[in-house]
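A short worksheet on the structure shown next.
Every number for a ligand or one of its atoms is a count from 1 in the order of the listing. Residue numbers start at 1 and run along the sequence shown.
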Amino acid sequence: MTIIDGKKTAADIRAELRVRAAAFEERYHKKVGLAVVLIGEDPASQVYVRNKIRGCEDAGIRSFAHYLPADVTQEGAEELVRSLAADDAVHGILVQLPLPGHLDAERILACIPAAKDVDGFSAENIGRLALHEEGTVACTPLGVMELLRRYGVETRGKRAVVIGRSNIVGRPMALLLLNADATVTVCHSRTVGLAEECARADILVAAIGKPDFVTADMVKEGAVVIDVGINRVDGKLTGDVDYASVSKKASLITPVPGGVGPMTIAMLLSNAISCAERAAR
Ligand code: NDP
């Protein structure tokens, strides 16, 4: 059994990103620019935003941090995003979610043009993914694909099962695996016979948000198991997979923490560079 080291893989990718960002700067005489918008004072969001800005600095990407008060109006938030959309120094825009309750997140996100949508959440980018066309793909599922690729996991013709169908993880994950020639099944809260579906998977991706949901009896001997879940139990981070028992059956498995998690910011930075490269073409 091999433990997939997301921390090391993310560090390798970040080193590659520094080279890509520097090459962009040398060729176009400006830095890749990523704008990060944080509205309100949610402590978890503050940590995520800080890490994203640090990641930019580390990769040689120029970050534009915008902090709006929790009571900003809908118009105020939209106006900021529209001004970033019009700014040539900004190649990617990220609005940290969740937003304070009085704001309509969909309308604010709609102000981000698809070409600057580094999170890949827009209808245009999800549509491009569904059509297997070039576009920006959500960072977490993209990070999973990168882990599979770098650990030499064959997807073509393999049976892949994704548990979860959210717009930010499960759904794009299933489309990416389909585009990579896997035979894909998506399970969710209404699936009948979920354990049997999972037990047929060569590649099993868990993105549910329920600690230790996937147990050894749901896993085929030798399967590749990817745990996207991040759950806090008694102050400790734990995934959606019962690691202790499943790791005895899997051929490859991601731990939590240190598996998929570190890949997400690396892929965000990669998406920002890709947006800049496409805009400059
Ligand atoms: P959502 O809550 O949006 O989606 C959860 C999905 O799991 C839904 O599709 C839901 O089904 C399904 N589900 C819930 N309960 C069951 C059940 N009992 N049986 C089968 N399916 C079930 O979560 P996200 O997709 O946003 O996130 C999933 C997990 O991944 C979370 O733990 C989150 O913290 C983590 N995460 C990790 C990231 C990382 O960087 N590593 C980034 C983003 C998320 P239905 O659609 O029917 O409701």
State, to 0.1 Å, how close Cys198 and Ile163 come at their nearest heavy-atom pair, and which atoms those are. SG-CD1, 3.6 Å

When the side chains of residues 229-241 are checked against the rest of the protein, which donor-acceptor pairs come out under 3.5 Å, sequence neighbours left out?
| unit_1 | atom_1 | unit_2 | atom_2 | d |
| --- | --- | --- | --- | --- |
| Asn231 | ND2 | Thr238 | O | 3.2 |
| Asn231 | ND2 | Gly239 | O | 3.0 |
| Asn231 | ND2 | Asp240 | OD1 | 2.9 |
| Asp240 | OD1 | Gly209 | N | 3.2 |
| Asp240 | OD1 | Lys210 | N | 2.9 |
| Asp240 | OD2 | Ile208 | N | 2.7 |
| Asp240 | OD2 | Gly209 | N | 2.8 |

Which atom of Ile126 lies closest to which atom of Asn167, heavy atoms considered: CD1-O, 4.5 Å

Distance-only, no hydrogens or angles: does the Thr9 side chain make a donor-acceptor pair with backbone N or O of Asp5 under 3.5 Å? yes

Under the side-chain hydrogen bond (donor to acceptor under 3.5 Å, both in side chains) criterion, do Arg165 and Ser189 qualify, and how do the steps go? CA-CA 9 Å; Arg165 56 174 166 180; Ser189 68; 4.5 Å; no

Ligand 1: which residues have a non-hydrogen atom closer than 4.0 Å? Thr140, Gly164, Arg165, Ser166, Ile168, Val169, His188, Ser189, Leu194, Ala207, Ile208, Gly209, Lys210, Phe213, Val228, Gly229, Ile230, Asn231, Val260, Gly261, Thr264

Go through it in stages, so that I can follow the logic: the residues are Cys139 and Asp119, the test is side-chain contact (heavy atoms from CB on, under 4.5 Å), and I'd like the CA-CA distance, side-chain angles, deciding distance and then a yes or no. CA-CA 6 Å; Cys139 305; Asp119 270 328; 4.0 Å; yes

